Structure formats: C-alpha cells, structure tokens
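Below is one structure, written out as structure tokens, with a few remarks after it.
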Amino acid sequence: DGLTSMTLLLLAMQLTGSVASVAATLVTIELPVVTVGLASGVMVDRWERRRVMIASDLLRTVGVLGFVLVGSIDTLPLLFILAFAQSTVGTFFSPARTAFVASILPAEELFPANALSQLTRVMATVLGGAAAGALVGLTGQFAPAFVFDALTFLASVVLVSLVTARSRPTLQATSGRGAAGMVLEL
C-alpha cells in the first residue's frame with residue numbers, strides 16, 4: 001500500500017502541479033480507513049478470513065493495475081475512484097489478517113507475532129514509499145511502480161493460500177477461559 005500511495009501522490013502532482021490535488025488524493029486514500037474501516041472488522045468476523053484476504057488482494061491487484069490508465073488530467077477522476085476503492089478493500093484485509101494470525105498461532109505467540117506484524121507494516125509503508133520514488137525516478141514513468149505493487153498483491157495471494165489454519169478451542173470449550181487463557185467473568 002505504501003508503494004501505491006506514494007506513487008499516486010507523485011502522479012497527482014505531475015498531472016496537475018497542484019498541492020491541492022495531492023491533498024485530495026491523500027484524503028481519498030485515507031477516508032475509507034476512518035469510515036469503512038470502523039465497520040470492516042465487524043463484517044470480517046462473520047466471514048472466512050483467508051477468503052477475505054485473498055479476495056482483498058485480488059481486488060487490489062486489479063485496482064492497482066487500473067492506475068496505469070491514469071495518464072492525463074482528464075483521467076484524474078479515475079485516480080480518485082480507484083484510490084478510494086482500493087483503500088476500501090484494504091480495510092477488510094487488515095482485520096482479517098489479524099484474526100487469521102490469531103487462528104494459526106498459540107496464544108503465547110500472539111504478542112510477538114502482533115509486534116512483528118506491526119513492525120513489518122510500518123517498514124513496508126516506509127520502504128514502499130522509497131521504492132515508489134526510486135521506480136518513478138529511475139524510469140520516469142508510473143506504470144512500473146503500479147505493476148510491481150500488483151505483483152506484490154499476487155504474491156500475497158499465493159502466500160496466504162499456502163498457510164493452513166488449525167482450529168483453536170472455542171470460548172465454550174475452554175471452560176470459562178478465553179483464547180489467551182484468561183478467565184472470563186460473565
């Protein structure tokens with residue numbers, strides 16, 4: 001996401017030369033996080049997490065490749081539509097990933113796994129932005145950055161599909177203890 005987000009900001013600036021369009025692009029990317037993102041976790045809890053993650057990444061692959069069609073100021077509305085759609089779909093991936101990780105690891109490994117997940121997410125955002133600058137700077141074009149990011153989403157689809165989740169005890173099966181082993185008082 002960091003790769004595409006930075007590339008979109010650079011593309012908006014090149015197409016318009018306007019800081020306002022860069023700000024509008026950033027708002028378009030972040031708006032779903034604070035709107036749809038509030039409900040996506042609740043919805044993901046009702047669905048099979050692996051399928052949500054795979055569907056999310058397949059849709060984001062198509063969305064990112066759609067940005068290749070944005071090449072002039074006339075196609076700027078397409079940039080906003082695709083950016084909003086991609087960000088919206090991404091709000092479903094994150095809670096599905098968090099729940100999926102919880103389903104495949106023992107409770108004692110969740111804290112380090114979540115810490116590592118957060119660290120890698122932040123690093124991917126930073127490195128993605130740097131990669132966007134490098135790809136756009138070296139090639140003078142935006143398409144290579146979008147194609148590369150689409151490939152990362154496809155790689156994620158493959159990797160997620162290879163992970164097997166074992167079933168964890170349900171709340172009732174733990175005799176009053178939650179998944180982390182804490183006593184639940186009802």
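Treat the numbers as computed from the prediction; the structure is a model and nothing was measured. Note that the numbering runs from 1 along the sequence shown for the chain.
- V157 and V160 fall within a single hydrophobic cluster, where Ile, Leu, Val, Met, Phe, Trp and Tyr side chains are chained together by heavy-atom contacts under 4.5 Å.
- Within the 4.5 Å cutoff, the side chain of V70 has heavy atoms near those of the L15 side chain.
- In this structure the side chain of L154 reaches within 4.5 angstrom of the side chain of L58, judged on heavy atoms.
- Sequence neighbours left out, not one pair with a member in residues 92-110 passes salt bridge (Lys or Arg N to Asp or Glu O under 4.0 Å).
- When hydrophobic clusters are built by joining Ile, Leu, Val, Met, Phe, Trp and Tyr residues whose side-chain heavy atoms come closer than 4.5 Å, directly or via intermediates, V163 is grouped together with L105.
- P144 approaches T139 most closely through the heavy-atom pair CG-OG1, 3.8 Å.
- Annotation: the span from T98 atom OG1 to Q118 atom CD amounts to 9.0 Å, rounded to 0.5 Å.
- With hydrogens and angles disregarded, no donor-acceptor distance shorter than 3.5 Å links the side chain of S94 to the backbone of T91.
- Considering all non-hydrogen atoms of both residues, T16 and A12 come closest at OG1-O, 2.7 Å.
- Residue pairs that meet the side-chain hydrogen bond (donor to acceptor under 3.5 Å, both in side chains) test with at least one member in residues 39-48, sequence neighbours left out, are D45-R49.
- A search for ring-ring contact (aromatic ring centres under 6.0 Å, His included) contacts involving F67 returns F146, not counting sequence neighbours.
- The cluster map of Ile, Leu, Val, Met, Phe, Trp and Tyr, joined by side-chain heavy atoms under 4.5 Å apart, puts V22 and L26 in the same cluster.
- Within the structure, salt bridge (Lys or Arg N to Asp or Glu O under 4.0 Å) contacts touching residues 54-65 (residues at least two apart or in different chains) are D1-R60, D57-R60.
- Within the 4.5 Å cutoff, the side chain of I54 has heavy atoms near those of the S161 side chain.
- With rounding to the nearest 0.5 angstrom, the CD atom of E30 is 10.0 Å from the OG1 atom of T28.
- Atom CG of L9 sits about 9.0 Å away from atom CG of L79, to the nearest 0.5 Å.
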Identify all side-chain donor-acceptor contacts of residues 119-138 below 3.5 Å with residues at least two apart in sequence or on another chain.
unit_1: T120; atom_1: OG1; unit_2: L116; atom_2: O; d: 3.1
unit_1: T120; atom_1: OG1; unit_2: S117; atom_2: O; d: 3.0
unit_1: T125; atom_1: OG1; unit_2: R121; atom_2: O; d: 3.0

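- Contact annotation: the side chain of L76 approaches that of F80 to within less than 4.5 Å [non-hydrogen atoms, C-beta and beyond].
- For the atom pair OG1 (T4) and CZ (F142), the distance works out to 12.5 Å, reported to the nearest 0.5 Å.
- Between L82 and G63, the shortest heavy-atom distance links the atoms CD1-O, 4.0 Å.
- Both L69 and L10 are members of a single hydrophobic cluster when ILVMFWY side chains are connected at heavy-atom separations under 4.5 Å.
- Under the 4.5 Å side-chain criterion, counting only non-hydrogen atoms from C-beta, S56 is not in contact with F153.
- Of the possible donor and acceptor atoms, one in the side chain of N114 sits under 3.5 Å from a partner among the backbone N and O of L110.
- In the hydrophobic clustering of ILVMFWY residues, with side-chain heavy atoms under 4.5 Å counting as a link, V64 and L78 come out together.
- Side-chain contact between F93 and V52: absent, with no pair of heavy atoms (C-beta onward) separated by less than 4.5 Å.
- Between the OG atom in S156 and the CG atom in L151 there is a gap of 12.5 Å [rounded to 0.5 Å].
- The nearest pair of heavy atoms linking T61 to A150 is OG1-O, 3.7 Å.
- Within the structure, side-chain hydrogen bond (donor to acceptor under 3.5 Å, both in side chains) pairs that include any residue of residues 70-79 do not occur (at least two apart or interchain).
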> Hey, mind stepping through L3 and T152 against side chain to side chain contact (heavy atoms under 4.5 Å, CB included) and telling me if it holds?
Replying inline: CA-CA 10 Å; L3 179 65; T152 67; 5.5 Å; no
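- Side-chain atoms of R50 do not come within 3.5 Å of backbone N or O of F100 as any donor-acceptor pair.
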